[in-house]
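One structure is given here, and the rest of the page talks about it.
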Amino acid sequence: MSSRISLTRYLVEQQRIDGHIPSQLRLLLEVVARSCKSISQAVNKGALGGVLGSASSENVQGEIQKKLDIIANEVLIEANEWGGHLAAMASEEMDGIYLVPNRYPQGEYLLLFDPLDGSSNIDVNVSIGTIFSVLKKPDDDRGVEAGDFLQPGTAQVAAGYCIYGPQTTLVLTVGDGVAMFTLDREQGSFVLTEENVRIPEDTKEFAINMSNMRHWDEPVKRYIDECLQGKEGPRGKDFNMRWIASMVADVHRILTRGGIFMYPWDKREPNKPGKLRLMYEANPMSWLIEQAGGAATNGKQRIMDIQPTQLHERVSVILGSKNEVERVTSYHSTL
Ligand code: P6P
């Protein structure tokens, strides 16, 4: 049995050999990984754990919260507040930022997360996941404020997700490529199963919610229409479609075999740039995709270059195989 590399050893090597990450960041990522293990156990219990169904509350997005949304959020908060690596946290499930209580030592990092993305899939036993992004707090002595989180995706020091599917797999980048760690439930630890993940630059597979077609902008309609024309059309090849309605699962497929994922602006809510959230969905996923050789834009610019103005701001997302993303983006520029 080959002695596989644990997440701990991978992070120690990223810290020691490549001098890539400070010990504080390594320790923070270990805490996040342990939180994901706990969330995985809660998710896997399903009906047996009484954790399915909706809570009687709404989140800041105005969405009815699932019981597991709240459980996952609490797990991440409780595990990270005492560790001493963080100054504050922000979550899709909380309106404002969460300052680490004064009774605990303050760290130099800011942790942002969507504790359980894809909630609509929880009750129907389809893969869901936790998405996280790590920023550094400003180097000054003043207390952390919400504005300190408003950094572009290029400022991230770590990003990743944990997908709760047939396997529980943690996917992570600290800027040195993308690595995948599968949870070994017998050992109770994440084990390296892929590293230096690469996305093919071309693909025959697109992911979009087709029921929204009549609401899309012209460039997206043109791109999808050309895909649907198949061999006989301008693309000269047939395409396949996937839509899991769980960004973590769709992105994991793209990191594993290529493809393009799109949740574009549509005219149902013309004043909103898109459905997905910039800070704790699009930015971490965009860094992973770029680190694996893909591209991620909002149709007009690189997602990670966007200067955020609000903690929960939304963004149009087109990400995946580089040549496909560039094609859709070029259609926007011919507008
Ligand atoms: P729709 C899940 O609610 C989510 O935020 C993403 O994970 C997913 O890609 C998208 O929304 C699904 O949206 O409109 O197809 O249900």
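Counting starts at 1 for both ligands and their atoms, in listed order. The basis for the numbers below is simple: all heavy atoms, side chains too, and nothing from hydrogens, waters or symmetry mates.
- Among residues at least two apart or in separate chains, side-chain hydrogen bond (donor to acceptor under 3.5 Å, both in side chains) pairs with a member in residues 142-155 are Asp140-Arg142, Arg142-Asp148.
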Could you walk me through whether Asp225 and Arg222 pass the salt bridge (Lys or Arg N to Asp or Glu O under 4.0 Å) test, one step at a time? CA-CA 5 Å; Asp225 180 54; Arg222 173 185 171 190; over 6 Å; no

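- Residue pairs meeting the ring pair (Phe, Tyr, Trp, His ring centres under 6.0 Å) criterion with at least one member in residues 143-164, sequence neighbours excluded, are Tyr161-His252.
- A 4.5 Å side-chain heavy-atom check between Asp217 and Trp265 finds at least one atom pair inside the cut-off.
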Pairs under 3.5 angstrom, nitrogen or oxygen on both sides, ligand 1 versus protein: list them out, please.
residue	atom	partner	partner atom	Å
ligand 1	7 (O)	Asp117	OD1	3.1
ligand 1	7 (O)	Asp117	OD2	2.7
ligand 1	7 (O)	Met247	N	2.7
ligand 1	9 (O)	Met247	N	3.4
ligand 1	11 (O)	Lys275	NZ	3.1
ligand 1	13 (O)	Lys275	NZ	3.0
ligand 1	14 (O)	Tyr263	OH	2.7
ligand 1	15 (O)	Asn209	ND2	2.8
ligand 1	15 (O)	Trp243	NE1	2.9

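- Each of Thr130, Leu111, Asn80 was scored for a side chain to side chain contact (heavy atoms under 4.5 Å, CB included) with Ser35, with one residue passing: Asn80.
- Every residue two or more places apart in sequence or in another chain was checked for a side chain to side chain donor-acceptor pair (under 3.5 Å) with Ser127, and none qualifies.
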